[in-house]
Amino acid sequence: MENKGIADIFTEIADILDIQGENPFRVRSYRNAARTIADMSQSVQALVKAGEKLEEVPGIGKSLQEKIEEIVSTGKCGFLEELRGKVPPGLTELLKLEGLGPKKVKLLYDELGVDSMDRLEKAAQAGRLRDLAGMGLKTEEKVLKSIEKYRAGMGRFKLSVGYTYSRALLEYLKDTPGVKRLDPAGSFRRQKETIGDLDILAICGKGCKVMDRFTKYGDVAEVISKGETKSSVRLKCGLQVDVRVLEEESYGAALHYFTGSKAHNIAIRDRAKDLGLKVSEYGVFRAKDEKRLSGANEEDVFKAVGLPFIPPELREDWGEIQAAEKGRLPKLIELADICGDLQMHTVATDGKNSIADMARKAKEMGYSYIAITDHSKAVRVARGLDEKGMVKQLKEIEKVNGQTPGVRILKGVEVDILADGSLDLKDDILKECDVVIASVHSRFNMEEEEMTRRIIQALKNPNVNILGHPTGRLILEREAYKVNLKEVFQAAIDQGVVLEINAYPDRLDLRDVDARMAKEMGAKLVISTDAHSTLQLELMKFGVFTARRGWVEAKNVINTLPLQGLLKVLR
DNA sequence: GCCGTTTTCGGCCCGACTGTTTTCAGTCG
């Protein structure tokens, strides 16, 4: 079973226990474990089968370890089966509705026999919710709205989508008289690959009408709540946006708090407690007499708990607090470290611009090199190049090279890894290239072993420099193919092949956690945009964000090297 | 259910908003 499957089992257990009114901390243990497992780069199943103890993973103790072993060996969890016998199957789904939690779901079931989304809808339409204790007309309306929204399937949004909406909204809010400062927080500030909502923090002068202006924003579909310090709206695209107004003296504490992650915050507060402090979004206080110690700056919050500043991208409780404590935080890579881009496509296949256009744009961006890497023939939809087309393409690159002084255009190709692990172009043409990226674009549904063998076979070709988008996933659209990344990474290290972090916002592949594992194993990385137009060369930042979330430093990434150093690495 | 260089028991982050109440429980982040 995949990590996701194990995580889903624990989430369902948590949901049922929650509805049953179990100890909330017990419920949280299951939820924490589900999240931890879903976020892990390595396959839990493989770890267990290799006899490794998961009890060392924070949040997984004896009981959960046993359940994981049971799930891995039998594919089932006896405890969950038992719980399912006690609660109708449709109940946990109701928890997904906005505004409905375990207490209300239980009440609805006990009093009205509501055990599914459809029955809840009928009960609400029949006006039977309003007579229940603690519910009224508004609850009824809200439930109906929530069902509608749930069915419309509004979920998470790609980070790049968040960028578009946040930029426009911040521009709009900035013009409100009295607004002194605005900052996005939340998963957006942590540069997570997807965001669930957008959090914006503000400092305002007296009488500032920022909430009025916010809730009247033209793109607002619905005002969810409106208060003096907190308001929420849903935009027409479905994205929820929260604005919070804060005092200057507590702004740093709030920025820290609302940046999260939740797990990071809990760990920080826990640490504060041990030091006799209390950390809230309003500041750092001495526990015994509530005396304010700091809060205006984020740095001071960390300082108060004895830590250096931790960059937002690292705040996931993935070991950053322990690393900070020991002074071992990584010196994260920055966009300015990038010297060139090693994957892009041109009009020769499915790109929109010419080689010369790409080179000019690269110069504008301050790069000293690019690699032109059009598709090989197996990618029919892109009109991929065969050997003959490649000869022509390489000549064209040579011709254009030198026309943009300061930017060296490297000869490259993104060659397909065929089903048997062989490459889509003959070795004598690959030999002519400076950069050969090998990628999988077909037959995604292989079994893990076969896919792992296929990719490793390709890496053994001495002409291959880079493994392109190593997992093939498309965010929110297509799962990664099944592959043992640890084995692939080791093969890449052995063969001197560089692993790509594809910066294209739909891919971000390797993922953050995978990039971290690769780095820790000692692999070399490259961050490339996979641009299909000049404009898309600017997507590099999303790859850098992903690398940062994976604890990656400039020295781990080959396209931070100047041209000569890069050529040496490429051999 | 997890966790521990003050603890193997007794803790476990904390505050805003809503809707229903008339002081608060539930939900959310």
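Chain letters run A, B, ... following the sequence lines, proteins first and then strands; every chain starts at 1.
Put simply, the side chain of K158(A) does not reach to within 4.5 Å of the side chain of P505(A), judged on heavy atoms. With a 4.5 Å cut-off on side-chain heavy atoms, K192(A) and L159(A) do not count as touching. A heavy-atom distance below 4.5 Å is found between the side chains of L17(A) and L83(A). Between R473(A) and I475(A), the closest side-chain pair of non-hydrogen atoms falls below 4.5 Å.
Residue S232(A) is out of contact with every strand shown, counting any heavy-atom pair closer than 4.0 Å. Note on P24(A): nothing from the nucleic acid sits closer than 4.0 angstrom, heavy atoms only. Looking at heavy-atom distances under 4.0 Å, K106(A) makes no contact with the nucleic acid at all. Residue F258(A) is classed as having no contact, given no heavy-atom separation below 4.0 Å to the nucleic acid. In this structure, D270(A) reaches neither bases nor backbone, as no heavy-atom distance under 4.0 Å exists between it and the strands shown. K230(A) comes within contact range of the sugar-phosphate backbone alone, with a heavy-atom separation under 4.0 Å but no base atom that close. Within the nucleic acid shown, L97(A) comes within 4.0 Å of sugar-phosphate atoms alone, with no base atom in reach, counting heavy atoms only. L137(A) comes within 4.0 angstrom of sugar-phosphate atoms only, judged by non-hydrogen atoms across all strands, and of no base.
Across all strands shown, dC9(B) is found opposite dG4(B) as a Watson-Crick or G-U wobble partner, with both distances under 3.5 Å.
Note: CG (D18(A)) to C1' (dT27(B)) measures 11 Å, nearest angstrom. The distance between atom CG of N32(A) and atom C1' of dG1(B), rounded to the nearest whole Å, is 10 Å. Remark: P of dC2(B) and CZ of R35(A) are 17 Å apart, rounded to the nearest angstrom.
The residue among V27(A) and K104(A) whose nearest nucleotide of DNA chain B is located toward the 5' end is V27(A). Map G101(A) and G136(A) each onto its nearest nucleotide of DNA chain B; the residue landing nearer the 5' end is G136(A).
Both the sub-6.0 Å distance and the 45° axial angle are satisfied by R315(A) relative to the ring of F309(A). Geometrically, K262(A) does not engage Y257(A) in a cation-pi contact defined by less than 6.0 Å to the ring centre and at most 45° from the axis. In this structure, R31(A) fails the cation-pi test against F10(A), since its NZ or CZ atom is not both closer than 6.0 Å to the six-membered ring centre and inside 45 degrees of the ring normal.
When distances run from any side-chain atom of Y257(A) to the nucleotides dT27(B), dG29(B), dA16(B), the shortest one goes to dG29(B). Taking the side chain of D199(A) as heavy atoms from C-beta on, and the options dG1(B), dG29(B), dG15(B), the nearest nucleotide is dG29(B). Comparing dT27(B), dG15(B), dC13(B) by their closest approach to the side chain of K103(A) singles out dT27(B). Closest to the side chain of R26(A), out of dG29(B), dC14(B), dG1(B), is dG1(B). Side chain of R269(A), nearest nucleotide from dG1(B), dT27(B), dC13(B): dC13(B). Side chain of K142(A), nearest nucleotide from dC13(B), dT18(B), dC2(B): dT18(B).
If you take atom P in dG26(B) and the same atom in dT21(B), they sit 13 Å apart, rounded to whole Å. Rounded to whole Å, the C1' atom of dG11(B) lies 14 Å from the corresponding atom of dT6(B). For the P atom pair drawn from dA16(B) and dG4(B), the interatomic distance equals 31 Å after rounding to whole Å. Nucleotides dT18(B) and dT22(B) place their C1' atoms 15 Å apart, quoted to the nearest Å. The gap from the C1' atom of dT5(B) to that of dG1(B) amounts to 24 Å, rounded to the nearest Å. dC14(B) sits 23 Å from dT20(B) when the C1' atoms are compared, rounded to a whole Å. Distance noted for atom C1' between dT23(B) and dC17(B): 16 Å (whole Å).
Anti is the classification of dT21(B), since its glycosidic angle lies more than 90° from 0.
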